[in-house]
**Q** 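Quick one: the structure is below, and I'll ask about it shortly.
Note that the numbering runs from 1 along the sequence shown for the chain. None of these values were measured; they are calculated from a predicted model.
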Amino acid sequence: MKQKMAKKLLFCAIAGLAFPLAAQAADDDLQKKIDKLSKEVADLKGSVQRVEDKSLGKWLTIGGEYRFRVDSLHGETVPYSSAIGTMQNMAGSFLLDPTVAGGSNPSATQFMLATESGKLFSPTQFGYILNNYMPQAMYNSFTASGATPGTFLNQFNTIVMGGPAAVQAALSGTALTSQQTAILATLQSKVLPTVFAKPSSASIIDPATGTQAAGASLGAQWNTVLTSLAGMGYTPTQINQLAMQMMMQGFLGAGSPYLAQAPAFKPKNETLYTNKFGIDLTAKPIKDVTVHAKLDMYKAFGSQSDSTTMNGYFADRVGVFDGTLSHVPTDSLLNVDRAYATWSNIAEQPVWFSVGRRPATNGAPSNLRMNRERPGNGGTPALLVDYAFDGMTIGYAPDIDALPGAYAKVCYGRGFDSGIKTSSNSIKDTDMLGVAVIPYETDPLRIWLQWNRGFDIFDFPAMNNTIFGNTAPATNLGNIDWYGAGAMSTLKNVGPGTLQLFSDFGLSITHPNGNVSENAGFQGLMSGEFFAQDTNPKEQTGWAVYAGIRYDLPSKTKIGFEFNHGSKYWITFAPAADDMWTSKVGTRGNVYEPYIIQELNLKPISNYFAKAFFKLGYQYYDFEYTGSNNWVGAPKKISEIKSTDLMLMAPLKEAHNIYGTFEVHF
């Protein structure tokens with residue numbers, strides 16, 4: 001019995017010793033399972049994180065805008081003469097006259113064969129007109145028989161026979177306008193030498209002998225006439241001036257059959273509807289590198305061309321070109337407005353480099369009337385530059401306690417690439433260099449300073465189907481410097497709302513190189529008029545002011561007013577501005593614009609800045625000088641334009657635009 005009990009106690013003791021060992025083994029196994037599960041969870045979290053890091057929401061941001069706009073445009077011109085119409089009249093008359101287009105001169109057929117598709121006149125045709133047809137037509141006019149009533153010689157001889165007093169009276173009666181005087185100087189340089197080198201004519205009579213004047217050429221005969229009249233008591237310079245004035249009046253005077261005079265009229269488009277749609281894409285493929293793209297469509301209702309908004313009034317609205325694509329209504333194509341890459345935090349320093357199609361449009365302070373946020377360090381002052389550029393920027397943003405938000409950048413852009421240089425292509429590229437310094441940028445105050453230089457400015461950009469036909473740069477006219485300084489401020493708790501105000505000042509200085517544009521009738525950089533070349537062009541300085549205010553109410557109502565003034569010689573580089581008539585910041589005169597914005601009080605979903613709003617505004621342009629937004633040709637005071645003054649574009653003295661929009665930003 002005792003032996004059995006001892007065996008049981010021994011078994012229990014052994015079992016008691018085994019239980020802890022078994023429990024320890026179970027704990028070890030459980031810990032292994034926990035460790036394995038923890039590792040699997042960690043791996044799963046890593047996989048999820050990697051998936052999240054690669055998801056679209058982590059590296060790609062999508063935004064954009066839609067805008068419906070209606071404009072009611074009204075303007076008023078002053079009487080003038082169309083340079084294009086006058087040239088067409090001349091060419092048509094020359095081609096119908098076999099004594100002009102024929103013989104030793106190119107025939108009408110040869111002239112037509114020299115046509116280049118889309119161009120008003122090809123360079124060859126313009127050469128025919130200037131060097132062949134015009135001299136021949138003038139020679140014919142000079143030498144038409146004096147016995148025939150109404151001819152130049154008949155009228156000239158009648159005046160001279162009246163004596164010196166009659167000559168003096170005729171000089172006053174045929175006096176030239178300032179433009180006609182300048183055109184005469186151009187003709188004396190480019191055309192009349194050919195006229196007077198032509199053969200002598202039996203119609204030119206020596207007043208001293210009553211027989212054909214001596215001389216082998218028309219010029220020699222004319223000198224004989226002047227000498228004889230001097231011996232009869234006349235002043236040769238007066239006689240010569242009278243002949244030139246009579247020739248000019250017959251050629252381009254009010255009664256000339258060539259002159260295409262245009263009376264004052266009131267152009268209008270009472271309801272212009274447009275649609276604008278854009279997509280913004282920002283990608284962050286790797287650390288410190290972003291790529292931004294902006295695609296835009298902008299068109300008028302019922303049109304797939306720029307014909308509804310392109311006009312014959314302003315140089316920035318005669319056709320669409322690289323700098324305005326997507327910024328003036330054209331067609332329903334989604335064009336690339338911006339596409340650039342930015343590398344930030346270079347060498348762990350506040351330095352960035354950016355290259356591509358730049359964010360050089362809709363800059364501050366125009367963001368206020370467009371109801372946008374400030375454009376950031378990629379923008380440019382709207383008063384100096386509003387042009388879709390391709391280029392690059394390098395910037396630096398030091399951390400200076402006394403200058404919060406300060407940064408500086410150097411910008412380069414190419415406005416025109418001239419292609420491969422050949423014997424027939426000597427035109428240079430057009431480039432832009434700029435330096436921007438923003439010494440202070442906070443919510444309450446932003447200050448900016450800017451300098452730009454445009455190198456080798458072209459005469460015409462590449463455009464199709466304009467009032468000038470198809471155009472392309474044909475010559476470089478010189479350089480332009482721009483200087484700008486401005487500030488904008490936000491004052492909160494001004495009454496029930498927030499007050500935003502700004503002021504911007506700009507200065508432009510042209511540096512002509514003496515070249516002129518044949519396409520523009522021998523006009524140069526801020527010099528000359530049509531067919532009235534300025535042979536000694538000077539540097540011209542212009543200035544402009546852009547100021548405005550906007551009051552934001554708690555009801556999401558925003559009431560604004562802007563004012564622009566540009567001087568006689570002011571020129572900017574802003575053809576892409578969001579204005580229908582012409583870029584208001586380039587106006588030579590004054591522009592007044594009140595507007596009101598009403599945002600819908602709806603919760604944003606797509607992003608914090610998403611909004612929808614209505615806008616109603618009015619623009620009044622008061623033009624003081626011609627040539628707003630045009631660097632080709634000298635400006636002319638609107639009130640001094642004569643009905644015989646030749647102009648490439650109709651001179652508006654005032655313009656009005658009442659507009660309304662419905663816009664969605666997302």
**Q** Does a side-chain heavy-atom distance below 4.5 Å link Ile638 with Thr626?
**A** yes

**Q** Within the 3.5 Å criterion, strictly below it, is a donor on Asp337 or His327 matched to an acceptor on the partner's side chain?
**A**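 Per modelled atom types, Asp337 and His327 side chains form a pair under 3.5 Å.
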
**Q** Between Phe502 and Tyr546, does the ring centroid distance fall short of 6.0 Å?
**A** yes

**Q** I would like to know whether Asp280 and His292 meet side-chain contact (heavy atoms from CB on, under 4.5 Å); could you show each step before the answer?
**A** CA-CA 7 Å; Asp280 289 291; His292 182 79; 3.7 Å; yes

**Q** Mind checking whether Phe563 and His565 have parallel, tilted or perpendicular rings, split at 30° and 60°?
**A** parallel

**Q** Should the pair Phe468 and Phe460 be assigned to parallel (<30°), tilted (30 to 60°) or perpendicular (>60°) ring geometry?
**A** perpendicular

**Q** How far apart are the C-alpha atoms of Glu441 and Asn377, what are their side-chain angles, what is the distance that settles it, and do they pass the side-chain contact (heavy atoms from CB on, under 4.5 Å) test?
**A** CA-CA 10 Å; Glu441 180 164 24; Asn377 60 20; 5.9 Å; no

**Q** Decide whether Arg338 and Ser326 meet the rule of one side-chain donor and one side-chain acceptor closer than 3.5 Å.
**A**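 No - no donor-acceptor pair under 3.5 Å links their side chains.
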
**Q** Is the closest side-chain heavy-atom distance between Leu501 and Leu491 below 4.5 Å?
**A** yes

**Q** With ring centroids as reference points, do Phe121 and Phe126 lie under 6.0 angstrom apart?
**A** no

**Q** Please tell me whether Gln450 and Asn452 have a donor and an acceptor in their side chains that are separated by less than 3.5 angstrom.
**A**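 Per modelled atom types, Gln450 and Asn452 side chains form a pair under 3.5 Å.
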
**Q** Any donor-acceptor pair under 3.5 Å linking the side-chain atoms of Lys558 with those of Asn371?
**A** yes

**Q** Looking only at heavy atoms, what is the nearest atom pair of Gln179 and Ala532, with distance?
**A**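 The answer is O-CB, 4.3 Å.
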
**Q** Any idea how Phe458 and Phe416 line up, ring-wise: parallel (<30°), tilted (30 to 60°), or perpendicular (>60°)?
**A**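 Rings of Phe458 and Phe416: perpendicular, as their planes differ by over 60°.
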
**Q** Any chance the side chains of Ser418 and Asp429 put a donor and an acceptor closer than 3.5 Å?
**A**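 Asp429 and Ser418 do have a side-chain donor-acceptor pair below 3.5 Å.
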
**Q** Is it true that Phe623 and Tyr313 have ring centroids separated by less than 6.0 Å?
**A**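 Between Phe623 and Tyr313, the centre distance exceeds or equals 6.0 Å.
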
**Q** Can you confirm whether Asn465 sits close enough to Asn470 that some side-chain heavy atom of one is under 4.5 Å from a side-chain heavy atom of the other?
**A**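 SC-SC contact between Asn465 and Asn470 confirmed.
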
**Q** For the pair Lys299 and Asp331, find out whether any cationic side-chain nitrogen is under 4.0 Å from an anionic carboxylate oxygen.
**A** no

**Q** To check you understand the geometry: which heavy-atom pair defines the closest contact between Val585 and Ala382, and what is its length?
**A** CG2-O, 3.7 Å

**Q** Which atoms form the tightest heavy-atom contact between Arg374 and Arg446, and what is the distance?
**A** NH1-CB, 3.6 Å

**Q** Answer yes or no: is there a donor N or O on one side and an acceptor on the other, between the side chain of Ser305 and the main chain of Ser307, under 3.5 Å?
**A** yes

**Q** Can you check whether Phe321 reaches Pro575 side chain to side chain, under 4.5 Å on heavy atoms?
**A**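 The answer is yes; the side chains approach within 4.5 Å.
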
**Q** For residues Trp581 and Gly75, report the shortest heavy-atom separation together with the two atoms involved.
**A** CZ2-N, 3.8 Å

**Q** If I compare all heavy atoms of Ala472 with all of Asp459, which pair ends up nearest, and what's the gap?
**A**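 Closest pair (atom of Ala472, atom of Asp459, distance): O-OD1, 4.2 Å.
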
**Q** In this structure, which one of Arg369, Lys584, Lys276, Arg69 forms a salt bridge (Lys or Arg N to Asp or Glu O under 4.0 Å) with Asp578?
**A** Arg69

**Q** Using a distance-only test with no angle check, is there a side-chain donor-acceptor pair under 3.5 angstrom linking Ser527 and Asp534?
**A**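 Asp534 and Ser527 do not have a side-chain donor-acceptor pair below 3.5 Å.
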
**Q** Judged by modelled atom types alone, do Gln533 and Lys190 share a side-chain donor-acceptor pair under 3.5 Å?
**A**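 Lys190 and Gln533 do have a side-chain donor-acceptor pair below 3.5 Å.
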
**Q** Ignoring hydrogens, what is the shortest heavy-atom contact between Thr572 and Trp482? Give both atom names and the distance.
**A**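 Shortest heavy-atom contact: CA-NE1, 3.7 Å.
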
**Q** Should the pair Glu116-Lys119 be classified as a salt bridge under the 4.0 Å nitrogen-to-oxygen rule?
**A**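 Judged by the 4.0 Å cut-off on N to carboxylate O distance, Glu116 and Lys119 do form a salt bridge.
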
**Q** Can you find a pair of side-chain heavy atoms, one from Pro635 and one from Tyr569, that are under 4.5 Å apart?
**A** yes

**Q** Regarding Thr582 and Asn629, do their side chains bring together a donor and an acceptor under 3.5 Å, going by distance alone?
**A**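 Side chains of Thr582 and Asn629: pair found under 3.5 Å.
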
**Q** Ignoring hydrogens and angles, state whether a donor on the side chain of Ser122 or Thr124 is under 3.5 Å from an acceptor on the partner side chain.
**A**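 Result is no, nothing qualifies.
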
**Q** Look at the side chain of Arg588 and the backbone N and O of Lys568, then say whether any donor-acceptor pair between them is shorter than 3.5 Å.
**A** yes

**Q** Using the rule given for side-chain contact (heavy atoms from CB on, under 4.5 Å), can you reason through Thr309 versus Arg317, listing the C-alpha separation, both sets of side-chain angles and the distance that settles it, and then say yes or no?
**A** CA-CA 7 Å; Thr309 52; Arg317 295 294 182 269; 5.9 Å; no

**Q** Give a yes or no answer on whether the side chain of Thr430 reaches the backbone of Asp456 with a donor-acceptor pair at less than 3.5 Å.
**A** yes

**Q** Would Tyr595 and Arg550 count as having a side-chain donor-acceptor pair, cut-off 3.5 Å?
**A**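 On atom types as modelled, these side chains do not qualify, holding no pair under 3.5 Å.
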
**Q** Is there a side-chain contact between Pro461 and Asp322, using heavy atoms and a 4.5 Å cut-off?
**A**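 No - every pair of side-chain heavy atoms lies 4.5 Å or more apart.
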
**Q** So, taking the atom named CG in Asn345 and the one named OG1 in Thr342, what distance separates them when rounded to the nearest 0.5 Å?
**A** 13.0 Å

**Q** Is any side-chain heavy atom of Phe522 less than 4.5 Å from a side-chain heavy atom of Val516?
**A**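 SC-SC contact between Phe522 and Val516 confirmed.
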
**Q** Considering only heavy atoms from C-beta outward, does the side chain of Trp343 approach that of Val351 to under 4.5 Å?
**A** no

**Q** Tell me which one of Arg414, Arg358, Arg357 satisfies salt bridge (Lys or Arg N to Asp or Glu O under 4.0 Å) with Asp390.
**A** Arg357

